[in-house]
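A short worksheet on the structure shown next.
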Amino acid sequence: MKKFLLLLILLSNFVFAQMPNISSVWLNNSKPYLGTIGNAREEIKLKINISEQNKKNDQQYFVSGYSLVDRNYSKFEGVFTITKYKDANKKGTVYGEYELAEENKGKHSGIFKGKFIYTFKWNKKTEKIEEQNIELTGDWKSYDGTLNFKTRLKNQ
């Protein structure tokens with residue numbers, strides 16, 4: 001009987017530890033992420049059109065969209081992976097890593113790779129998220145290895 005009770009407790013902890021599906025967060029209300037790339041701090045826009053939670057790993061989200069720097073438009077696909085979550089009553093913080101691979105269309109296409117921080121406030125009365133902020137910091141490296149730039153993006 002004790003073994004059965006222990007098993008039941010362990011299973012209930014596992015069920016309640018599942019990550020909720022927050023795939024809509026990465027879509028950023030259909031707005032692009034804005035930021036800079038490189039030492040010259042050239043403007044970059046990153047728009048995520050599709051976001052789906054990985055059915056085998058609820059800490060991962062598959063995304064696709066496009067990036068725009070100057071007149072260079074590139075489609076990309078990639079993954080956001082949650083590594084840590086902190087909850088402090090009214091405020092939550094989600095930490096993780098991302099990797100976004102652009103279509104290989106020459107010298108100005110490559111891979112975005114870095115870390116993200118997603119912070120939000122939880123309104124208990126309305127049971128909705130308010131004041132959400134997403135920051136992506138990392139690097140972009142061209143496929144041929146000749147270009148490597150720092151990137152910093154934020155949601156609007």
Side-chain angles (χ1 to χ4, degrees), residues 8-103 108-142 148-156:
L8 189 60
I9 291 170
L10 286 174
L11 285 175
S12 67
N13 285 339
F14 176 74
V15 169
F16 291 117
Q18 297 296 307
M19 182 70 188
N21 186 347
I22 60 169
S23 58
S24 63
V25 166
W26 313 123
L27 296 173
N28 192 30
N29 297 317
S30 296
K31 295 178 185 173
Y33 295 82
L34 300 176
T36 59
I37 183 167
N39 293 335
R41 296 183 172 227
E42 194 167 0
E43 182 180 282
I44 181 172
K45 291 181 182 179
L46 193 83
K47 174 96 167 50
I48 296 175
N49 295 323
I50 298 172
S51 174
E52 296 177 0
Q53 188 176 37
N54 183 343
K55 292 177 183 11
K56 294 180 181 177
N57 178 355
D58 64 359
Q59 306 293 305
Q60 279 190 334
Y61 294 85
F62 300 118
V63 297
S64 67
Y66 68 88
S67 64
L68 181 63
V69 178
D70 194 23
R71 291 181 305 223
N72 188 27
Y73 171 90
S74 297
K75 292 181 182 178
F76 68 79
E77 291 183 350
V79 65
F80 281 70
T81 305
I82 294 171
T83 57
K84 188 177 176 182
Y85 173 71
K86 286 185 178 179
D87 184 18
N89 286 334
K90 294 180 183 178
K91 186 177 179 183
T93 306
V94 178
Y95 300 91
E97 299 172 349
Y98 66 91
E99 185 168 332
L100 309 172
E102 293 177 315
E103 284 182 311
H108 295 284
S109 58
I111 296 178
F112 293 93
K113 198 173 188 177
K115 297 184 182 295
F116 69 82
I117 299 174
Y118 166 49
T119 57
F120 60 91
K121 289 187 179 178
W122 178 253
N123 186 326
K124 288 184 181 181
K125 290 180 184 175
T126 63
E127 293 189 2
K128 291 187 179 181
I129 290 176
E130 298 176 344
E131 296 181 37
Q132 62 181 13
N133 295 301
I134 304 168
E135 187 172 339
L136 309 171
T137 53
D139 297 297
W140 176 87
K141 187 172 186 176
S142 63
N148 190 356
F149 299 121
K150 296 284 183 199
T151 61
R152 180 175 291 273
L153 294 137
K154 289 186 178 185
N155 67 326
Q156 297 182 48

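A quick note: this is a predicted structure, and the numbers were derived from the prediction, not measured. Both backbone and side-chain heavy atoms feed into the values below; hydrogens, waters and symmetry mates do not.
Not counting sequence neighbours, the partners of Phe120 by the ring-ring contact (aromatic ring centres under 6.0 Å, His included) test are Tyr118. Partners of Tyr95 under the ring-ring contact (aromatic ring centres under 6.0 Å, His included) rule, at least two apart in sequence or in another chain, do not exist in this structure. Among residues two or more places apart in sequence or in another chain, the ring-ring contact (aromatic ring centres under 6.0 Å, His included) test is passed with Tyr66 by Tyr73.
No side-chain heavy atom of Val79 sits under 4.5 Å from any side-chain heavy atom of Asn54. Taking 4.5 Å as the limit, every side-chain heavy atom of Ile50 sits out of range of all side-chain heavy atoms of Phe62. At a threshold of 4.5 Å between non-hydrogen side-chain atoms, the residues Ile48 and Asn28 do not count as touching.
When every heavy atom of Ser67 is checked against every heavy atom of Leu46, the shortest pair comes out as CB-CD1, 3.8 Å. A pairwise comparison of heavy atoms in Asn72 and His108 identifies ND2-O, 2.7 Å as the closest pair. The two residues Leu153 and Gly35 come nearest to each other via the heavy atoms CD2-N, 3.7 Å. Nearest heavy atom pair, residue Gly78 against residue Leu100, reads CA-CD2, 3.9 Å.
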Worked check of salt bridge (Lys or Arg N to Asp or Glu O under 4.0 Å) between Glu135 and Arg152
CA-CA 7 Å; Glu135 187 172 339; Arg152 180 175 291 273; 2.3 Å; yes
Verify salt bridge (Lys or Arg N to Asp or Glu O under 4.0 Å) between Glu131 and Lys121, making sure each step is shown before the conclusion.
CA-CA 6 Å; Glu131 296 181 37; Lys121 289 187 179 178; 3.5 Å; yes
Do Trp140 and Val69 pass the side-chain contact (heavy atoms from CB on, under 4.5 Å) test, and can you show the C-alpha distance, the side-chain angles, and the key distance before you say yes or no?
CA-CA 12 Å; Trp140 176 87; Val69 178; over 6 Å; no
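Atom NZ of Lys47 sits about 9.5 Å away from atom CZ of Phe76, to the nearest 0.5 Å. Distance check: Leu34 CG to Lys154 NZ gives 11.0 Å after rounding to the nearest 0.5 Å. Atom NZ of Lys31 and atom NZ of Lys45 lie 13.0 Å apart (nearest 0.5 Å). Rounded to the nearest 0.5 Å, atoms CG (Asp139) and NZ (Lys141) are 9.0 Å apart. Ile22 CD1 to Gln132 CD: the interatomic distance, rounded to the nearest 0.5 Å, is 9.5 Å. One distance of note links NZ of Lys115 with CG of Leu136; it measures 12.5 Å at 0.5 Å rounding.
Heavy atoms from other residues, nucleotides or ligands lying under 6.0 Å from CD of Glu42 number more than 12. Counting heavy-atom neighbours within 6.0 Å of Asn29 CG, excluding the residue itself, gives a total of 12 or less.
Between Phe116 and Phe80, the ring planes are tilted. Angles from 30° to 60° get that label.
Side-chain atoms of Asn21 come within 3.5 Å of backbone atoms of Ser23 as a donor-acceptor pair (strictly under, hydrogens ignored). Between the side chain of Gln156 and the backbone N or O of Pro32 there is at least one donor-acceptor pair closer than 3.5 Å. A donor-acceptor pair is defined here as one N or O able to donate and one able to accept, closer than 3.5 Å; such a pair exists between the side chain of Tyr33 and the backbone of Trp26. Thr93 contributes no side-chain N or O that, together with a main-chain N or O of Lys86, makes up a donor-acceptor pair within less than 3.5 Å. Looking at Asn155, its side chain does come within 3.5 Å of a backbone N or O of Ile134 through a donor-acceptor pair.
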